[in-house]
Enquirer: 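Take a look at this one; I'll ask things after.
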Amino acid sequence: MAEKIVIIGGGAGGASTAARLRRLDETAEIIILERGEAISYATCGLPYYIGGVIEEREELFVQTPTAMKERFQIDVRVRHEALQIIRERKEVVIRDHGEGRTYTENYDKLVLSPGAYPVVPNIPGTDLKNVFALRSITDNDRIKDYITNHPIRSAVVTGGGFIGVEIAENLTRLNLEVTLVEMTDQVLSNLDYEMAAFIHHELRAKGVTLLLNTGVAAITEEDNRLNVALSTGQYLPTDIVILAVGIRPNVKLAADADLKLGVTGAILVNDRLQTSDPSIYAVGDAVQIRDLVSGRDNWLPLAGPANRQGRILADILSGRAERYNGAQRTAIAKIFDLTAASTGLNEKTLKKWGIPYLSCITHSNSHAGYYPGASPLSIKLLFAPEDGKLLGAQVVGYEGADKRIDVLAAALRFEKTVFDLAELELAYAPPFSSAKDPVNMAGYVAGNILNGDMAVITWDRLLEQPQDNAVILDVREPDEFRLGAIPGAVNIPLDQLRKRLDELPREREIVTYCYVGLRSYIAARILMQRGWKVKNLSGGYKTLSAVMKDRALQAAKPTHAETVGV
């Protein structure tokens with residue numbers, strides 16, 4: 001007898017489960033209940049529709065209820081909201097908002113894919129007509145309609161996550177004066193601060209006013225304009241506010257049915273994506289999953305894992321012996337002309353969870369420097385001290401960041417080491433890469449650290465921990481040194497170093513640096529083989545100066561008279 005599968009939620013997880021399940025089982029009765037007006041639309045594309053990059057609204061829809069019915073014979077019911085799960089009777093109580101009626105539907109297997117909901121801060125004014133959150137196609141339409149039909153000059157975006165930076169970019173495309181307000185000291189929390197500093201520079205360079213370490217206390221309205229009160233005591237007059245402070249797993253239906261929740265607050269599932277009720281499964285942004293790198297329970301609301309969970313669950317429901325092993329947090333974002341990407345754990349998380357690690361930062365060209373158009377590409381690796389196993393990676397650049405993060409994500413997934421990165425044979429031609437790809441270079445540098453060929457010091461240790469007895473040695477050319485240097489540094493160009501060794505005291509540690517770390521590595525090798533104790537600045541002056549500049553700009557917040565958005 002054919003099974004009846006009821007799926008609550010028509011987003012990435014639910015829709016992919018349904019489509020895959022039909023391909024595996026022609027006999028199953030499949031019903032999708034979606035409380036909104038659409039299924040399977042590109043949530044990640046919403047900011048780009050608002051900004052006009054995606055011109056037609058229809059392009060946001062991967063599938064429609066009608067198309068899914070015709071192709072897959074799936075009963076898709078939009079504006080049908082699941083109100084209650086009656087587990088003992090295997091029934092769902094449903095509200096049909098179209099016809100204004102309530103009914104019940106029985107099931108053999110139930111799939112929960114309710115997704116997540118936007119966090120609305122508990123402050124006055126979030127209910128005003130020109131204050132919006134962006135999570136659904138309905139939110140998208142409301143924002144687009146308001147911008148189209150009202151004279152708008154400025155916007156305030158609260159929250160510097162993926163949606164926040166993407167909507168800030170797209171509102172800037174509409175020639176609005178945009179202020180991005182973020183409570184912490186950086187945007188994009190998947191990155192470490194020094195990598196995010198390059199994003200901060202790009203945002204500011206493209207006209208976004210960036211207020212970090214700043215919260216929103218209240219929003220008030222006067223003469224159809226808004227006043228955003230900040231935690232600093234300042235006010236930002238503006239025409240529209242977009243709330244992008246984060247999301248939370250939508251677990252109310254599951255919690256009301258007494259299904260177990262995990263330590264993260266999301267729905268607890270096993271590796272068969274099964275909840276505490278063996279007839280109920282869950283996928284997507286509402287479930288707690290296993291972090292692949294640490295093995296810890298985690299919550300990772302990303303589209304890629306949700307789609308994979310849906311596909312695997314369909315296999316499981318059709319009787320296949322599949323398991324979901326977890327996710328590794330691979331993510332990428334476009335910030336104007338810059339790309340920022342990450343995979344695995346960042347340094348903040350490794351510290352928080354007490355996982356030992358080493359790190360290195362490299363700055364390579366995106367392709368061969370002699371071929372026109374090469375641009376800087378920064379890579380940060382995090383790896384285990386005992387064997388070099390890759391724990392995480394971050395890539396920021398104008399070109400080629402996407403393909404490098406994919407290589408690093410594949411290496412991390414298959415538990416490779418930094419030595420394996422050095423051995424990778426990657427495609428090379430001058431327009432695309434260098435004979436030593438940036439991924440190879442990152443592996444070489446990390447391998448040098450593990451092999452003892454080079455000791456490193458990171459930017460934060462250099463800035464925040466006194467190096468009173470150390471000599472800071474800048475091995476760049478004098479013209480470079482004059483343009484900016486670490487205070488107190490001694491300048492001996494690399495090519496003069498062997499002739500000027502007597503200028504360096506042998507009883508003191510030497511910290512070498514250049515712009516990106518390559519020349520200073522050569523200097524470190526020269527000095528180490530002559531008996532000096534040496535550390536090389538990881539990421540060079542480029543990383544350090546980006547941090548120092550960003551900190552200075554953060555400290556120089558606008559006064560009340562200089563408030564932006566006027």
Side-chain angles (χ1 to χ4, degrees), residues 194-195 357-366 368-369 374 376-383 385 388 390 393-397 404 417-419 421-424 434-463 467 470-478 480-481 484-486 489-501 503-504 506 508-547:
E194 71 274 20
M195 301 296 280
Y357 70 93
L358 293 172
S359 70
C360 68
I361 297 174
T362 53
H363 303 287
S364 304
N365 281 329
S366 56
L377 189 70
S378 303
I379 297 179
K380 178 174 183 177
L381 296 184
L382 296 145
F383 49 95
L390 194 60
Q394 298 159 43
V395 185
V396 176
R404 271 60 184 226
T417 71
V418 296
F419 300 108
L421 299 183
E423 292 296 321
L424 288 176
S434 299
K436 296 176 182 177
D437 187 86
V439 171
N440 297 136
M441 291 300 297
Y444 293 145
V445 171
N448 286 341
I449 295 171
L450 287 168
N451 289 331
D453 294 333
M454 174 181 65
V456 294
I457 186 169
T458 56
W459 66 269
D460 51 333
R461 285 192 58 203
L462 188 62
L463 287 181
Q467 307 291 319
V471 175
I472 310 298
L473 177 61
D474 187 321
V475 298
R476 297 175 297 164
E477 293 302 309
E480 297 176 86
F481 183 78
I486 297 173
V490 174
N491 180 219
I492 302 178
L494 174 61
D495 292 342
Q496 300 177 24
L497 181 59
R498 290 183 179 87
K499 298 177 182 178
R500 298 173 60 180
L501 292 174
E503 298 179 31
L504 299 174
R506 288 189 172 272
R508 295 171 64 185
E509 182 178 81
I510 309 295
V511 174
T512 57
Y513 80 94
C514 61
Y515 187 59
V516 299
L518 177 57
R519 285 173 289 176
S520 55
Y521 163 63
I522 298 171
R525 292 299 303 158
I526 291 171
L527 294 171
M528 288 173 66
Q529 293 178 77
R530 285 166 169 79
W532 271 275
K533 183 179 179 181
V534 187
K535 290 179 181 174
N536 189 28
L537 177 60
S538 182
Y541 188 67
K542 179 173 183 174
T543 300
L544 183 73
S545 60
V547 168

Enquirer: What verdict does the side chain to side chain contact (heavy atoms under 4.5 Å, CB included) test give for Ile486 and Val511, after you've listed the backbone C-alpha separation in whole Å, the side-chain angles of each residue and the deciding distance to 0.1 Å?
Expert: CA-CA 11 Å; Ile486 297 173; Val511 174; over 6 Å; no
Enquirer: What's the separation between atom CZ in Arg404 and atom OG in Ser366, rounded to the nearest 0.5 Å?
Expert: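 With rounding to 0.5 Å, CZ (Arg404) is 7.0 Å from OG (Ser366).
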Enquirer: Please test Trp532 against Arg508 for side chain to side chain contact (heavy atoms under 4.5 Å, CB included), starting from the C-alpha separation and ending with a verdict.
Expert: CA-CA 8 Å; Trp532 271 275; Arg508 295 171 64 185; over 6 Å; no
Enquirer: Measuring only between side-chain heavy atoms, which start at C-beta, is Ile449 closer than 4.5 Å to Val418?
Expert: no
Enquirer: Take atom CZ in Arg506; do more than 12 heavy atoms of anything else shown fall under 6.0 Å from it?
Expert: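 For Arg506, atom CZ is crowded (more than 12 foreign heavy atoms under 6.0 Å).
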Enquirer: Ignoring hydrogens, what is the shortest heavy-atom contact between Ser359 and Val456? Give both atom names and the distance.
Expert: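 Closest approach of Ser359 to Val456: O-CG2, 4.3 Å.
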Enquirer: Got a donor-acceptor contact below 3.5 angstrom from the Asn451 side chain to the Asp453 backbone?
Expert: no
Enquirer: In Å, rounded to the nearest 0.5 Å, how long is the span from CD1 of Ile457 to CG of Leu462?
Expert: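 Going from the CD1 atom of Ile457 to the CG atom of Leu462 covers 5.0 Å.
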Enquirer: Is there a donor-acceptor pair under 3.5 Å between the side chain of Tyr541 and the backbone N or O of Ala485?
Expert: yes
Enquirer: If a pair satisfies side chain to side chain donor-acceptor pair (under 3.5 Å) and one of its residues is in residues 516-531, list it, with sequence neighbours excluded.
Expert: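 Every side chain to side chain donor-acceptor pair (under 3.5 Å) pair that includes a residue of residues 516-531, provided the two are not neighbours, is Asn448-Tyr521, Glu480-Arg519, Ser520-Asn536.
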Enquirer: Can you measure from CG (Leu544) to CG (Asp460) and round to the nearest 0.5 angstrom?
Expert: 10.0 Å
Enquirer: Which heavy atom of Thr512 sits nearest to which heavy atom of Ala524, and what is that distance?
Expert: OG1-CB, 3.9 Å
Enquirer: Compare all side-chain heavy atoms of Phe481 with those of Pro493 and state whether any distance is below 4.5 angstrom.
Expert: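 Side-chain contact under 4.5 Å: no.
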Enquirer: Show the nearest heavy-atom pair for residues His363 and Ser378, with the distance to one decimal.
Expert: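 Heavy atoms of His363 and Ser378 come nearest at ND1-OG, 2.7 Å.
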Enquirer: Looking at every heavy atom in both Asp474 and Ala489, which two are closest together, and how far apart are they?
Expert: CB-CB, 4.4 Å
Enquirer: CG of Asp495 to CD of Glu477: how many Å apart, nearest 0.5 Å?
Expert: 6.5 Å
Enquirer: Please test Ile526 against Val534 for side chain to side chain contact (heavy atoms under 4.5 Å, CB included), starting from the C-alpha separation and ending with a verdict.
Expert: CA-CA 10 Å; Ile526 291 171; Val534 187; over 6 Å; no
Enquirer: Within a strict 4.5 Å, meaning less than it, do heavy atoms of the Ser434 and Met441 side chains meet?
Expert: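 No, every pair of side-chain atoms sits at 4.5 Å or beyond.
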Enquirer: Are the side chain of Asn440 and the backbone of Leu421 linked by a donor-acceptor contact shorter than 3.5 Å?
Expert: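 Yes, Asn440 side chain to Leu421 backbone: donor-acceptor pair under 3.5 Å.
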Enquirer: Return the minimal non-hydrogen interatomic distance between Leu450 and Gly388, and the atom names on each side.
Expert: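 In terms of heavy atoms, the two residues are closest at CD1-CA, 3.4 Å.
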Enquirer: For the residue pair Leu381 and Gly443, what are the closest heavy atoms and their distance?
Expert: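 Heavy-atom minimum between the residues: CD1-N, 4.1 Å.
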Enquirer: Between Glu503 and Gln496, is a side chain to side chain contact (heavy atoms under 4.5 Å, CB included) present by the stated rule, with each step listed?
Expert: CA-CA 11 Å; Glu503 298 179 31; Gln496 300 177 24; over 6 Å; no
Enquirer: Between Ser538 and Ile361 (side chain of the first, backbone of the second, donor and acceptor by atom type, cut-off under 3.5 Å), is there such a pair?
Expert: yes
Enquirer: Does the side chain of Leu473 reach to within under 4.5 Å of the side chain of Leu497, using non-hydrogen atoms?
Expert: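 The answer is yes; the side chains approach within 4.5 Å.
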Enquirer: I need the Thr362 OG1 to Leu377 CG distance, nearest 0.5 Å.
Expert: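 Between Thr362 OG1 and Leu377 CG, I get 8.0 Å after rounding to 0.5 Å.
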Enquirer: Give, for atom CG of Leu390 and atom OH of Tyr357, the distance between the pair rounded to the nearest 0.5 Å.
Expert: 14.5 Å
